[in-house]
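Note sheet for the following structure.
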Amino acid sequence: MSTLLFWFGIGVVGLMILMLIPGIREVMKPFLDLFAKGLGALLVLLGTYLLWLVQRIFRAHVELGTHLVMPRTWFDPTSEIRQEVERRH
C-alpha cells in the first residue's frame with residue numbers, strides 16, 4: 001500500500017511540475033478536473049461504506065446485548081418443547 005501511495009505522490013508532483021509549463025496547463029486542466037471529480041466520487045463511496053460498517057458494528061452490539069439479556073425461549077419458542085421431549089426419553 002505504501003508503494004501505491006508513493007507512486008501516486010510521484011504522479012501528483014509530476015502533474016504539478018507539468019502544470020508550470022504554459023501550453024501543457026491548458027491540455028492537462030480538463031484531465032485534472034475529471035480526476036478531481038472521480039476522486040470526490042470515490043470519497044463519497046468510501047464514506048457510504050464507512051457509514052455501513054458503523055451501522056453493522058452497532059447492530060451487532062445491539063444483537064449481542066439482546067442475546068445476553070433475553071431468555072432462550074424468546075429466540076426459539078420450540079426449545080421448551082424440545083427440552084420437555086428430551087426429559088421424557
Side-chain angles (χ1 to χ4, degrees):
M1 185 68 182
S2 62
T3 305
L4 290 174
L5 292 175
F6 173 74
W7 286 109
F8 179 74
I10 287 178
V12 168
V13 170
L15 286 176
M16 289 174 63
I17 291 172
L18 283 175
M19 291 291 285
L20 296 175
I21 302 171
I24 296 182
R25 176 183 291 173
E26 301 304 321
V27 174
M28 293 302 293
K29 183 125 175 78
F31 291 112
L32 289 177
D33 290 342
L34 185 64
F35 178 74
K37 286 182 182 179
L39 187 62
L42 182 66
L43 289 175
V44 167
L45 181 67
L46 289 176
T48 57
Y49 275 117
L50 181 65
L51 179 63
W52 171 81
L53 181 65
V54 168
Q55 286 178 343
R56 291 283 298 196
I57 291 172
F58 179 75
R59 288 178 184 164
H61 281 81
V62 168
E63 187 175 348
L64 176 66
T66 304
H67 279 275
L68 291 174
V69 173
M70 302 302 259
R72 175 190 280 186
T73 56
W74 192 79
F75 297 104
D76 185 15
T78 63
S79 67
E80 286 182 352
I81 298 169
R82 273 190 266 139
Q83 288 176 355
E84 189 176 316
V85 168
E86 289 174 1
R87 273 188 255 140
R88 288 183 191 167
H89 294 325

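When reading the values below, keep in mind they use all heavy atoms of this one structure, side chains included, and skip hydrogens, waters and symmetry mates.
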## Note on the structure
Residues at least two apart in sequence or cross-chain that pass side-chain contact (heavy atoms from CB on, under 4.5 Å) with Ile10, listed by chain then number, are Phe6, Trp7

### Task
Answer with yes or no whether the hydrophobic clustering places Met16 together with Phe8; edges join I, L, V, M, F, W, Y residues whose side-chain heavy atoms lie under 4.5 Å apart.
yes

### Task
Nearest 0.5 Å please: distance from the CD atom of Glu80 over to the CZ atom of Arg82.
11.0 Å

### Task
Working to the nearest 0.5 Å, report the span between CG of Leu15 and CG of Leu20.
11.0 Å

### Query
To the nearest 0.5 Å, what is the distance between CZ (Phe75) and CE (Met70)?
6.5 Å

### Query
To the nearest 0.5 Å, how far apart are CD1 in Ile81 and CG in Asp76?
9.0 Å

### Message
Check Arg59 with Glu63, please: is the shortest side-chain N to carboxylate O separation under 4.0 Å?
### Response
no

### Query
If you group Ile, Leu, Val, Met, Phe, Trp and Tyr by side-chain heavy-atom gaps below 4.5 Å, do Trp52 and Ile57 land in one group?
yes

Could you tabulate the donor-acceptor pairs under 3.5 Å formed by side-chain atoms of residues 22-41, not counting sequence neighbours?
from  : atom 1 : to    : atom 2 : distance (Å)
Arg25 : NE     : Met19 : O      : 3.0
Arg25 : NH2    : Met19 : O      : 3.2

